[in-house]
Protein chains: 2
Amino acid sequence: MADQAVLEPTGGSRAGNRALSVMDQIREAVLNGSVAAGERLNEVRLSRALAVSRTPVRAALQALAGEGLLDYAPNRGFTVREFPLDAIVDAYEIRASLEGVAARFAAERGLSPDEKATIERSLRAGDRLLERGSFETGDLTIYRDINGDFHDTLLAAARNRMLAEMIRICHHVPVSSSRNIVAFEHRDVRRRHDDHHRIYEAIIAREPWRAEMLMREHVSSVKASLVKSMTERSRDNDADATSAGRLLVK
Amino acid sequence: MADQAVLEPTGGSRAGNRALSVMDQIREAVLNGSVAAGERLNEVRLSRALAVSRTPVRAALQALAGEGLLDYAPNRGFTVREFPLDAIVDAYEIRASLEGVAARFAAERGLSPDEKATIERSLRAGDRLLERGSFETGDLTIYRDINGDFHDTLLAAARNRMLAEMIRICHHVPVSSSRNIVAFEHRDVRRRHDDHHRIYEAIIAREPWRAEMLMREHVSSVKASLVKSMTERSRDNDADATSAGRLLVK
DNA sequence: TCAATGAAAATTACATACACTTTAGCCGCT
DNA sequence: AGCGGCTAAAGTGTATGTAATTTTCATTGA
């Protein structure tokens with residue numbers, strides 16, 4: 001199997017801790033599909049490929065198992081967890097529920113001046129980007145960042161670590177990762193940006209339950225788009241039902 | 001610090017894997033408060049106390065950090081995570097939301113014959129226990145198991161692993177652990193058991209959103225009882241506000 | 001008295017050797 | 001040929017030694 005050539009001893013970004021650096025590299029490899037789902041991760045092979053000993057590799061694998069990205073079985077080591085299409089769709093549903101709670105908490109607890117500023121900036125940036133009726137090259141990537149700022153800031157305002165970690169796990173489900181753009185039309189993005197405005201209004205107005213409901217619907221609509229784009233792709237490919245999943249997990 | 005005498009080399013229950021056994025022991029010690037929140041967990045001391053080498057101890061600590069029970073900082077090791085009162089109350093809110101989704105999934109997906117049987121059994125058992133107007137010694141413990149069966153079975157019926165793991169994490173927040181009985185009155189238990197009946201009805205009737213709403217309210221009401229009993233205790237103790245938290249975390 | 005400083009001690013990070021378990025393949029048997 | 005058990009290879013689990021980092025604390029200078 002050619003020593004899993006996708007993983008190279010790049011030295012890693014996080015200085016001073018090989019385990020964390022190794023963790024990032026393995027996560028990256030799993031998320032972008034370089035190692036297949038269900039595949040067994042061999043410690044000695046990984047340590048050779050990354051040019052470190054087995055110790056930090058084991059640490060990284062255990063941490064990734066904690067994130068839910070790997071499975072562990074005693075005396076058998078770690079395998080890449082399978083994420084069937086159902087599980088991926090469900091993850092959006094769970095995330096919708098959790099981010100709804102986050103929005104509620106934010107509305108109850110209020111935003112700091114900094115947080116308000118960040119959110120208002122992201123709203124204005126989105127407005128500007130959407131003024132034109134269509135996207136140019138790279139605009140979607142830009143909007144992805146704007147979107148990320150909005151959600152991250154609200155999550156911070158919820159002031160609850162457990163919630164933040166759970167939502168982060170939802171984001172790390174292979175296909176729902178932000179790097180896999182879930183192709184959207186301009187109209188969809190505009191609608192979602194409008195959602196952002198309304199959610200922010202609800203939070204500023206200190207209307208927790210309305211904020212929750214709006215956020216839930218907001219995230220759920222992403223799920224709907226995902227499902228829609230999947231069924232379309234699978235029809236275009238006039239292939240069997242499984243191909244939709246394969247396309248997306250890739 | 002007397003070698004953390006609470007932890008003894010009991011051999012552990014899980015055969016064939018010291019790391020898992022060590023993990024159970026440390027978790028237990030953290031959950032029952034033998035090691036204080038914020039305390040630093042020393043590898044060599046733990047390994048001496050448990051009569052194993054540092055390797056399985058490190059593995060256990062890493063895994064527990066993944067569960068969210070410990071914090072990790074590079075070059076500083078692991079500390080017991082702090083759970084302020086706010087976080088504990090929030091955990092109920094999060095759990096309510098997640099179990100709500102679980103109930104919805106169960107209603108959408110339907111219950112297996114086995115699951116139906118288990119739930120109906122738990123409902124009948126609860127009915128019998130509550131026929132008398134008051135509890136005798138040990139009844140509360142029995143009801144705790146009945147309650148556990150109901151929730152566990154519904155969670156299994158949701159058929160989603162991520163959801164199950166997240167809810168499990170909520171349960172493992174120190175004070176919300178089932179071992180800390182949140183003293184309830186007979187009337188409260190009766191009301192909650194009625195909730196169970198209604199939730200089951202909604203699921204059988206395939207009414208997902210009603211099931212979700214009922215489950216959410218059901219779990220939220222536990223939070224309400226918790227907060228109520230806390231404020232009462234803190235009043236009874238005519239101590240300052242912090243004592244309420246201390247009592248419960250203990 | 002207090003802060004800065006600089007070893008020494010304590011502690012974690014990593015590497016590696018060895019023990020134990022699982023896996024795979026081979027051989028003999030039916 | 002097919003099945004069961006044996007053996008070697010591969011792989012994971014544990015122990016321990018060494019390197020690097022943090023923490024402690026006594027010392028020094030203002």
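Order of the sequence lines fixes the chain letters, A, B, ..., with proteins taken first and strands second; residue numbering starts at 1 for each chain. Hydrogens, waters and symmetry mates play no part in the numbers below; they use all other heavy atoms, side chains included. Worth saying up front: this structure is predicted, and the values here are computed from it rather than measured.
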Using the side-chain heavy atoms of [X], tell me which of these nucleotides is nearest: [options].
X       : options                : answer
B:Glu43 : D:dG11, C:dA15, C:dA13 : C:dA13
B:Asn17 : C:dA13, D:dT14, D:dT23 : D:dT14
A:Tyr72 : C:dT11, D:dG13, C:dC14 : D:dG13
A:Asn75 : D:dT22, C:dA15, D:dT12 : D:dT12

Please report, rounded to the nearest Å, how far the [atom2] atom of [N] is from the [atom1] atom of [X].
X       : N      : atom1 : atom2 : value
B:Phe78 : C:dT11 : CZ    : P     : 16 Å
A:Arg18 : D:dT18 : CZ    : C1'   : 12 Å
B:Leu20 : D:dT12 : CG    : P     : 15 Å
B:Arg40 : D:dT22 : CZ    : P     : 11 Å
A:Leu46 : C:dA15 : CG    : P     : 14 Å

So which heavy atom on A:Val57 is nearest to which on A:Glu43, and how close?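 That closest heavy-atom pairing would be CG1-O, 4.2 Å.
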Taking A:Thr55's backbone N and O only, do any of them form a donor-acceptor pair with A:Arg18's side chain (distance below 3.5 Å, no angle check)?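 No; zero donor-acceptor contacts below 3.5 Å.
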Within residues 52-66 of chain B, residues whose heavy atoms come under 4.0 Å of DNA chain D: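 Heavy-atom contacts with DNA chain D come from B:Val52, B:Ser53, B:Arg54, B:Thr55, B:Pro56.
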Under a 4.0 Å N-O cut-off, is there an ion pair linking A:Arg159 with A:Glu115?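 Yes, this pair counts.
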OP1, OP2 of D:dG13 versus side-chain N and O of A:Arg76: anything below 4.0 Å?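 Looking at the OP1 and OP2 atoms of D:dG13, neither is under 4.0 Å from any side-chain N or O of A:Arg76.
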OP1 or OP2 of D:dG11 under 4.0 Å from side-chain N/O of A:Asn42: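 So the side-chain polar atoms of A:Asn42 do come within 4.0 Å of the phosphate oxygens OP1 or OP2 of D:dG11, strictly under.
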Could you tell me how the ring of A:Tyr72 sits relative to the ring of A:Phe78: parallel (under 30°), tilted (30 to 60°) or perpendicular (over 60°)?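 Ring orientation of A:Tyr72 relative to A:Phe78: tilted.
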Just do the side chain to side chain donor-acceptor pair (under 3.5 Å) check on A:Ser21 and A:Gln25 with the steps written out, would you? CA-CA 6 Å; A:Ser21 153; A:Gln25 295 180 73; 3.2 Å; yes
Yes or no on ring pair (Phe, Tyr, Trp, His ring centres under 6.0 Å) for A:His151 and A:His218, after CA distance, side-chain angles and deciding distance? CA-CA 11 Å; A:His151 284 270; A:His218 175 65; 5.3 Å; yes
